[in-house]
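In what follows, a structure is listed as structure tokens, so that the remarks can point back to it.
Hydrogens, waters and symmetry mates are skipped; everything else that's a heavy atom, side chains included, is used. These numbers were taken from a predicted model, which means no experiment stands behind them.
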Amino acid sequence: MTEESDPDDGANAGALDVETDIDADAESDGSGEPRRAFWADEVADEIEARDPEEPIVIKGGVSPSGVAHLGNFNEIMRGYFVAEVLRERGHEVRQVFTSDDRDPLRKLPRKLADVDGKIVGLGDVDAGALGRNLGRPYTDIPDPFGESESYAAHFAALLKADADRLDVPVEMLSNTEMYEAGEFDEVVAHVLERADVAREVLSGYQSKIDEDYVPFNPICGDCGKITETVTSVDVDAGTVEYVCTDMTVGDETIEGCGHEGTATFREGKLPWRFEWPAQWQILGVDFEPFGKDHAEGSWPSGADIARNVLEIEPPVPMVYEWFTLNGEALSSSAGNIVTVAEMLELLEPEVLRYFFALNPRKARDFDVSRLDQFVDDFDRFERAYFGGVDDESLTAFAERAYPFVVDEIREDRIRLPYTFAAVLGMTDNRDLRIEMARNEGYFDDDTPEWAIEEALERVDRARAWAEREDNEYNYRIQESLPDVDLDDDVEAALDELADFVETGQDGEEIQGEMYETARRHDVEVGDFFEAGYLLFFDQPQGPRLGEFLGELDTEFVVARLRRKS
RNA sequence: GGGCCGGUAGCUCAGUUCGGCAGAGCGUCUGGCUUUUAACCAGACGGUCGGGGGUUCAAGUCCCUCCCGGCCCGCCA
């Protein structure tokens, strides 16, 4: 459960005092066990130690505000790995994700994502329509893109689509639908019957709880906003009476309409601190990961409320650290967010899944500019699974985590190093890509077609990365002659190479001739290649040059080698 | 102010549960490879484990304290 609706509204980050709980639970599973190489195994141990009923329920959830970004995926992926471990151990597992869509829209998001996961500004949609709906549940607000049933449905669809992209089977649940179907009735009645106990427990965490506090927020029958002022409760009738008063959100006020009315338990919601434990009860949740922001607020009070108000055992908790994006906090207003869909243009799904398999307790940076390094890490992790890395702890981790990261375990898969893939991406010619990879020894005559196909998928992604980052791998043939300063002997060698190319030679011959030409002119081979790279790419390095030149228009190559154009 | 999590090589990170030689990959440098070109092989360089103090035969690991970053301690989620 992460709020993370809009990181700007301050919620976030974490901490863990959850420790106490985790430690306490751990005691029951005996001590002296060797430390698990994969955190999901440790969590699974804790869950099993509680002897849960089948199916084991794993939950995540988020309030559907703003953009469904990569950070939200902690909610789904952390739970997923635990679910998979438990399934492997023979348990039936149900992974659910609540869209906490009865929450009111409290603030206009600055960024939204369209149906394709593309981020757009508020200016691209009907912002006025959103503004008029401040204070109303997300499910009662029209989809700004005019496609889904509601703002909430749009957002949930995005998350579901992303989960599908990562091949995670998760059941999406709408909080509003659960209220409307009466699933909350019993627990709302229970909480309101024991409102005194509820107040007492919660007041241990929130100083503002007074005698008049009623743990239920009805929806105003007139203006449709979530209200906070309940004047009386009739548990037997299943109703509350309320006055629609102003609601303070940060330093802004959402005006109430003054309407006085009656609402059933299905026409409102529990405040978050109660709603979360109520979800645990209704859904029978055994495990729930949450962001560090909940670790010291919602979790301790939620666990307390679960035990002492609802009289249920709270789920096994797990706090995950937030990650930063390019060194900065995820922030939709600052535009510092990426979506799963965007990242899948740059990374294979398994590489993205790997990111979430890493230690959740470690704050880490998702640095798009160094994705190459991250992909290298993944490749190494993959090799470690197959026993190819001399690193005990990595291998132990890979043995457990890798099978849950990839869709299928296939040892003969070929991974082109990401930066090399980026280099291949400079040409759209598939045959040339294969030829260059073959020359570097990644493919041979026995390489099956499927392995080549899969390996080449990375090329398009690495190419997209190079373009997105506009980094040194963003090779472009220079349309006009770059401004280069060359030594006389290098120039003479280039002229001679031009003569050779002009006679119509293929790539391999050009490559071989480059060595010969350099030697004849007493030029360092390295210097000669560098001159070639500068002429064609305005970069000191590049792909295997001869083969590449062999694919280009001969006239163009000859002219460029002669520094004519 | 109180609390929680994080801080290990230039970069990305293991290692901290339960004290036992300071580690890996990448990058850098050097050498080799008779096509070395974002390739391979070998080797080297690289660290006050955030600082300080303490316990111990022994501390990245345990204790105290301080610094830095993030978060919680209002509301909301």
Between atom CG in Asn474(A) and atom C1' in A38(B), what is the gap in whole Å?
15 Å
Which residue lies more 5' along RNA chain B, comparing Asp365(A) with Gln511(A) via nearest heavy atoms
Asp365(A)
Checking Ser174(A) against Asp101(A): is there a side-chain donor and acceptor pair closer than 3.5 Å?
yes
Would you check if there is a donor-acceptor pair between the side chains of Gln279(A) and Asp100(A) at a distance under 3.5 Å?
yes
Gap between atoms CZ and C1', on Arg364(A) and C5(B) respectively (whole Å):
14 Å
Does the side chain of Thr324(A) pick up a donor-acceptor pair with the side chain of Glu328(A) at under 3.5 Å?
no
Can you check whether Lys362(A) has a side-chain N or O nearer than 4.0 Å to OP1 or OP2 of G7(B)?
yes
So which of residues 529-536 of chain A are in contact with RNA chain B, with a heavy-atom cut-off of under 4.0 Å?
Phe529(A), Tyr533(A)
Could you check which of G3(B), U35(B), A38(B) has an atom nearest any side-chain atom of Arg519(A)?
U35(B)
Consider only side-chain N and O atoms of Tyr138(A) and Asp103(A), and report whether a donor and an acceptor are under 3.5 Å apart.
no
Using Watson-Crick or G-U wobble geometry with both distances under 3.5 Å, which nucleotide pairs with A77(B)?
none
Would you say the side-chain atoms of Glu275(A) and Asn175(A) include a donor-acceptor pair closer than 3.5 Å?
yes
Look at Asp379(A) together with Arg458(A) and state whether they make a salt bridge at an N to O cut-off of under 4.0 Å.
yes
For C11(B), which nucleotide is its Watson-Crick or G-U wobble mate, given both distances must be under 3.5 Å?
G25(B)
Pairs under 3.5 angstrom, nitrogen or oxygen only, protein versus nucleotides 22-28 of chain B, please.
{"unit_1": "A24(B)", "atom_1": "O2'", "unit_2": "Arg380(A)", "atom_2": "NH1", "d": "3.2"}
{"unit_1": "A24(B)", "atom_1": "O2'", "unit_2": "Arg380(A)", "atom_2": "NH2", "d": "2.3"}
{"unit_1": "G25(B)", "atom_1": "O4'", "unit_2": "Arg380(A)", "atom_2": "NE", "d": "3.4"}
{"unit_1": "G25(B)", "atom_1": "N2", "unit_2": "Gln373(A)", "atom_2": "NE2", "d": "2.9"}

Counterpart base for C40(B), defined by Watson-Crick or G-U wobble contacts under 3.5 Å:
G32(B)
Nucleotide of C72(B), C11(B), A38(B) approaching Arg370(A) most closely (side-chain heavy atoms)
C11(B)
So, is Tyr138(A) near the phosphate of A77(B), with a side-chain N or O under 4.0 Å from OP1 or OP2?
no
Rounded distance (Å) that lies between atom C1' of U37(B) and atom CD1 of Ile510(A)
16 Å
With no hydrogens and no angle check, do the side chains of Thr419(A) and Asp372(A) hold a donor and an acceptor under 3.5 Å apart?
no
Nearest-Å distance for atom pair CG/P, residues Asp379(A) and U12(B):
19 Å
Hey, are Arg519(A) and Glu516(A) close enough for a salt bridge, meaning a charged N less than 4.0 Å from a carboxylate O?
yes
Is it the case that the base of G6(B) and the side chain of Glu321(A) share a donor-acceptor contact (distance under 3.5 Å, atom types as modelled)?
no
Expressed as a whole number of Å, how far does the P atom of G53(B) sit from that of A58(B)?
15 Å
Glu75(A) and Tyr320(A) side chains, donor-acceptor separation under 3.5 Å
yes
Measuring to OP1 and OP2 of A77(B), would you say a side-chain N or O of Lys269(A) lies under 4.0 angstrom away?
yes
Would you classify Ser298(A) as touching base, sugar-phosphate or nothing, given that sugar-phosphate means primed atoms plus P, OP1 and OP2, and contacts are heavy atoms under 4.0 Å?
base
The answer to which of Tyr205(A) and Phe374(A) contacts RNA chain B further toward the 5' end, by nearest nucleotide, is Phe374(A)
Examine Trp299(A) together with Trp280(A) and report whether their ring centres are nearer than 6.0 Å.
yes
